[in-house]
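Side-chain atoms are counted along with the backbone in the values below, which use heavy atoms only and exclude waters and symmetry mates. Just so you know, these numbers come straight off a predicted model, no measurement behind them.
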Amino acid sequence: MIELTFLALLNRLMNWGLAPLIATRTVAADLAALHRFLSEPANQLCLAGARAHDVGARVRPSTSQRVISVEILRGRRSVLWLTWILTAGRGATEADLAVQFETRGLATRLALALGGRRWLAGRVDAALERLAQICAQAAEEVVPAPVAADCAGRVRVPRPARAANRPAIRPR
């Protein structure tokens, strides 16, 4: 019993600060369009809000349409790993974003423990909010479907709102 407790504590100490940060958001976009958007490194940097010139992104190829792995670089060095997991729904896609630091040194763990994880969670939520806004704006700019025609080939013209609200029979 003591050995099991000791091993559990040792495991907890060794893995302290290594868990990824995971956030989820449902966005108004289909799976293919969202995959194309997130596969562009420039879009990844835009979502992350990166303003520094030496920050870059590299999208790792994946065989799955549902998973996108992104490496955030500072200069030539990897800093963060972003993993997007996309789940298609009815007219929307659920986007799960997992963020994990590349370095797992004591300084990184200490920074995460002293408020860095909360700061990073705020940045991840802001990135998902920007993605939702971009997808909503793209959905609003969709060209409307063509006007329906009846069986005789005549185009049905909808009545204006003013005419639709008038009663069909006027009282005398």
Novice: Just verifying a value: how many Å separate R123 CZ and D125 CG, rounded to the nearest 0.5 Å?
Specialist: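 Here the rounded value is 12.0 Å.
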
Novice: For L128 and A23, which heavy atoms make the closest approach, and how far apart are they?
Specialist: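 Heavy atoms only, the tightest pair is CD1-CB, 3.5 Å.
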
Novice: With sequence neighbours left out, write down each residue that passes side-chain contact (heavy atoms from CB on, under 4.5 Å) with A121, or none if nothing qualifies.
Specialist: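 Counting only residues at least two positions away or on another chain, A121 forms a side-chain contact (heavy atoms from CB on, under 4.5 Å) with L21.
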
Novice: Only distances under 3.5 Å count here; give the side-chain donor-acceptor pairs of residues 38-47 to other protein atoms, sequence neighbours excluded, each with its distance to 0.1 Å.
Specialist:
residue, atom, partner, partner atom, Å
S39, OG, H35, O, 2.7
N43, ND2, F37, O, 2.8
Q44, OE1, W84, NE1, 3.1
Q44, NE2, L38, O, 2.7

Novice: If Ile, Leu, Val, Met, Phe, Trp and Tyr residues are connected whenever their side-chain heavy atoms lie under 4.5 Å apart, and connections chain through other members, are I85 and V27 in the same group?
Specialist: no

Novice: The criterion is side-chain contact (heavy atoms from CB on, under 4.5 Å); which residues satisfy it with A33, sequence neighbours excluded?
Specialist: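 A33 satisfies side-chain contact (heavy atoms from CB on, under 4.5 Å) with D30, R36 only.
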
Novice: If you look only at pairs with a residue in residues 56-65, which of them pass as a salt bridge (Lys or Arg N to Asp or Glu O under 4.0 Å), with sequence neighbours excluded?
Specialist: R58-E71, R60-E71

Novice: When you group the ILVMFWY residues by side-chain heavy-atom contacts below 4.5 Å and let the links chain together, are L80 and L97 in the same group?
Specialist: yes

Novice: Out of curiosity, does W119 fall in the hydrophobic cluster containing V79 (side-chain heavy atoms, cut-off under 4.5 Å, transitive links)?
Specialist: yes

Novice: Do the side chains of I68 and V59 get nearer than 4.5 Å, heavy atoms only?
Specialist: yes

Novice: Please collect all side chain to side chain donor-acceptor pair (under 3.5 Å) contacts where either partner lies in residues 89-99, sequence neighbours excluded, each pair once.
Specialist: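 Qualifying pairs, neighbours excluded: T24-D96.
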
Novice: What pairs with T87 under side chain to side chain donor-acceptor pair (under 3.5 Å), at least two apart in sequence or on another chain?
Specialist: R66

Novice: What distance separates Q65 CD from L34 CG, expressed to the nearest 0.5 Å?
Specialist: 11.0 Å

